[in-house]
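Here's the structure we're looking at; comments come further down.
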Amino acid sequence: MELLKRLKNYSETQGDVIAFENAFTDETINYSQLWDYSNKIAEQIDKVLDNDKQPVVVYGHKAPEMLATFLACVKTGHPYCPVDISMPKDRLVDIVEASKTKLLIAIEDTEITAENKFDYKDIKSFIANGDAAELPEERFVSEDDVYYIIFTSGSTGKPKGVMITANCLDNYLYWMESIMTRSTDKKQLTYLNQAPFSFDLSVMDTYTSLFTGGTIWSMEKRLQEDMGLMHTKLAESGLNVWVSTPSFMNVCLLNKDFNENTLPEMTTFLFCGEVLTNKTARELQKRFPKAEVINTYGPTESTVAVTEVLITEEMANAERPLSIGYDKPGTKIFIMDDKYTYPGLSEGEKGEIVIAGNTVAAGYLNQPELTNDKFFKLNTPEGDMWAYKTGDEGFKEKELLYYCGRMDFQLKLNGYRIELGDIESNILEMQDVTYCVVLPIEKRGEVKGLAAFVTLDHDVEDEFEYSQMVRKYLAEKLPHYMIPKKCVVLEEMPMTNNGKADRRALKEML
Ligand code: AMP
């Protein structure tokens, strides 16, 4: 695999270069340590696991040992599932169970266990005392082997694991490298890592940096929660490449000093994961006139992103919403109706965005039915292409793709992907709840929060108290961003003529 070949090479030719820095704790790991530590952890993985390509769950946040652990897994032929500390205990249990893992590596403390478990102390001791030999390359994850599995919200109330292969990741990274070389002549760039490793946006910064021998400048949760300190640190960061959701950028833009005077080395702003508005792009172009603003689009199911477009001032100043970009090499995007046949709808016609090509995931882990439902072989004159039905609505115009929203009950809140059905299923598990609908609270077309509507098998005296109780219950099951701001208790659920909850009527109650 090209990525691992390059990492070995960097460990020899630029071993002292910092590969990853946690900007809050100032902990770092250089390319030589990254390679060496991962060998030492790999040696211990080999002692407890068979050579069976089963996934390893890695729980933690932004410690440098996370990266060494990811590498150790793939060097021993095992994909890893990153789980961030923002996941509550029950979600971690769901993931441990769904992945059927035989090894949980917990870089941060958790009482959850699997058949085997290494904690942070173990990892530290493997690194300090290990004397590992190089692992043979044939053992590494390669080609169609799964490299990582990222769990995203699933509509049934349980998360689903997207399997990204080594080939998907390499293909994605060649493309990202070409964007970076087009965007700047600078070598050894410093990349912002804002997203947790369990969110595939982090792959954009982390692996593009590792692939090209750069430095990842990572902001952990505690730094992102202290805006004053965050901006002070940013001003000292020497950052070149920004990768975040537009939501996070909007928070940063609240600080007037966030501009090219404080971040003079910025060359590129890369966005993905949700709508980039003209206003945000315009503001950035004003504050960083020498840097490029690039919009990218894609779901976790096709390795982070599959389109990109450099946003010109003309595009940002126009009335029309920004495009989400041109197909990357190796990918063909089609607009289709529910027949899903080649070549789909014509230029300008709205339909479902279907992604076909060399970064489409292998499917959902241990879920063949769901995989068959969403992934398929698309028959084209050039041969079959592996394809994914995104559930996004869009259209194409002069090769550019435009996004028109979701066709189902999935949404983005502050960049986080959420299935409303996931929250509803969890609320329905409460014994007294007889019906539940969760809706987004929107202001000027933007999702600002969530509201749950329930009917119960008893009366409630204090609705506020009940609402707080539901929130507390959910906090044990779901990550914080999936917890509704309020829970409205209804005597009766309004229904449409065809017997479904009347979401429009509910929306009017917000
Ligand atoms: P995730 O799997 O978390 O990356 O979420 C994928 C979903 O985010 C896509 O299916 C879209 O609905 C949305 N998305 C990703 N990129 C963009 C973008 N540039 N503009 C609008 N929506 C986006």
Side-chain angles (χ1 to χ4, degrees), residues 82 84 86-87 148-155 159-164 168 172 179 194-205 243-250 269-281 284 293-311 315-316 320-328 331 333 335 350-355 359-361 363-364 374-375 387-396 400-420 422 440 445-447 479 481-482:
D84 188 66
S86 57
M87 293 292 148
Y148 67 74
I149 299 164
I150 282 189
F151 277 81
T152 75
S153 180
S155 55
K160 50 185 192 269
V162 181
M163 298 187 285
I164 298 299
C168 286
Y172 168 73
I179 295 175
Q194 175 252 328
F197 294 126
S198 55
F199 178 10
D200 85 329
L201 180 64
S202 68
V203 170
M204 185 177 275
D205 45 78
V243 178
S244 82
T245 57
S247 293
F248 185 74
M249 174 51 77
N250 289 338
F269 289 89
L270 286 163
F271 294 103
C272 192
E274 57 182 353
V275 174
L276 174 68
T277 61
N278 300 56
K279 189 172 166 213
T280 304
L284 267 177
V293 176
I294 298 174
N295 195 14
T296 77
Y297 155 86
T300 306
E301 286 85 342
S302 64
T303 322
V304 195
V306 281
T307 64
E308 64 92 17
V309 57
L310 171 65
I311 305 297
M315 290 175 187
R320 120 179 261 185
L322 298 175
S323 156
I324 52 175
Y326 297 98
D327 304 0
K328 75 165 189 55
T331 290
I333 293 185
I335 305 296
K350 256 194 210 175
E352 183 171 357
I353 300 175
V354 171
I355 301 170
T359 53
V360 174
Y364 297 114
K374 292 284 183 183
F375 295 85
Y388 171 67
K389 306 170 191 171
T390 63
D392 288 323
E393 191 177 45
F395 64 93
K396 273 194 159 180
L400 276 172
L401 184 62
Y402 290 85
Y403 175 76
C404 310
R406 290 291 304 173
M407 304 172 77
D408 57 11
F409 298 122
Q410 182 186 301
L411 54 78
K412 283 289 173 105
L413 172 58
N414 296 328
Y416 293 108
R417 172 169 158 177
I418 298 171
E419 290 280 357
L420 294 177
D422 196 350
E446 232 180 275
V447 181
Y481 53 83
M482 288 174 74

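Source: prediction; values computed, not measured. First listed ligand is number 1; within each ligand, the first listed atom is number 1.
Salt-bridge formation is detected for the pair E419/K160: a Lys NZ or Arg NE/NH1/NH2 atom is positioned less than 4.0 Å from an Asp or Glu carboxylate oxygen.
Note: T245 OG1 to F199 CZ = 6.5 Å, rounded to the nearest 0.5 Å. Put simply, OH on Y297 and CD1 on I324 are 5.5 Å apart, with the number rounded to the nearest 0.5 Å.
The immediate protein surroundings of ligand 1, defined as residues with any heavy atom under 4.0 Å of it, consist of F199, D200, G273, E274, V275, N295, T296, Y297, G298, P299, T300, I324, D392, Y403, R406, K412, R417.
Judged as a side-chain hydrogen bond (donor to acceptor under 3.5 Å, both in side chains), and not counting sequence neighbours, the contacts of N250 are T280. Take S198 and apply the side-chain hydrogen bond (donor to acceptor under 3.5 Å, both in side chains) test, not counting sequence neighbours, and it matches no residue. When the side-chain hydrogen bond (donor to acceptor under 3.5 Å, both in side chains) test is applied to E393, no partner is found at least two apart in sequence or on another chain.
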